Amino acid sequence: MKAGAWYEDAVLWAQEKGIVSGYPDGTFKPNGNVTRAELSGVVQNLAEEGYIDTDLDLIEQYEAIKIGKTTEEDLIKKYGECLPGPESGEYHFYTKDHSIIYVSFNNDGTVSSKWGVHPPKYPQVTEQNLKKLESGMSYEQVSVILGGKGGMSTLNWTKIIRAVA
């Protein structure tokens, strides 16, 4: 590991906590690709240590919003303020874990459409998401997903959000 690199503190912390141990030769490869087994081990260790909430509550919350039945008032009671989105007629709500749920409303105040969620800082841990994360992501990208300090371009963030959504 390169002394003073942006990831040094994160790697040392993760090693100290038993989250990562590096490769058998004692090295870490922060710019290498991550296999499913490696990422699964890191995610499992993070979850066991209480750093990741593996509850799928976000998905359940999203699925509970029913087109034509759930009202704006229902969502305001559950999440608080209804914030306007970038386009006319688009709105979003922040959940307790800082995820964002996107909706639009009919004239009668019921949900006319819902088009997704922006996941919180940590992705929901599912087998499906682990498979998506495996395909070609570097340690830098995985570090950012799991809370690291790596710099990411908008293009890479878009790729990550699509992978975990």
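These numbers come from a predicted model, not from an experiment. Computed from heavy atoms alone, side chains included, the values below leave out hydrogens, waters and symmetry copies.
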Decide side chain to side chain contact (heavy atoms under 4.5 Å, CB included) for V20 and N45; before the verdict, give the C-alpha distance in whole Å, the side-chain angles of both, and the deciding distance to 0.1 Å. CA-CA 8 Å; V20 298; N45 292 341; over 6 Å; no
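- Side-chain contact between L75 and I101 is absent, with no heavy atoms from C-beta onward closer than 4.5 Å.
- With rounding to the nearest 0.5 angstrom, the CD atom of E90 is 13.0 Å from the CG atom of L83.
- In this structure, OH in Y94 is found 12.0 Å from SG in C82, a value given to the nearest 0.5 Å.
- Closest non-hydrogen pair, T71 versus F105, comes out as C-CE2, 4.2 Å.
- The CD atom of E81 sits 8.5 Å away from atom NE2 of H92, with the distance rounded to the nearest 0.5 Å.
- The neighbour count for N107 CG, taken as heavy atoms of other residues, nucleotides or ligands under 6.0 Å away, does not exceed 12.
- For K114, the side-chain contact (heavy atoms from CB on, under 4.5 Å) test picks out Y62, I65, I67, V103, with sequence neighbours left out.
- The nearest pair of heavy atoms linking S113 to S104 is OG-OG, 2.5 Å.
- In this structure, N106 contributes its side chain and D108 its backbone to no donor-acceptor pair below 3.5 Å.
- In this structure the side chain of Q61 reaches within 4.5 angstrom of the side chain of Y79, judged on heavy atoms.
- Note that the OH atom of Y91 and the OH atom of Y102 stand 15.5 Å from one another [nearest 0.5 Å].
- Judged by distance alone, with hydrogens and angles left aside, the side-chain atoms of E8 form a donor-acceptor pair with the main-chain N or O of G4 at under 3.5 Å.
- Side-chain atoms of S40 come within 3.5 Å of backbone atoms of R36 as a donor-acceptor pair (strictly under, hydrogens ignored).
- The environment of CD in E73 is sparse: at most 12 heavy-atom neighbours from other residues, nucleotides or ligands sit within 6.0 Å.
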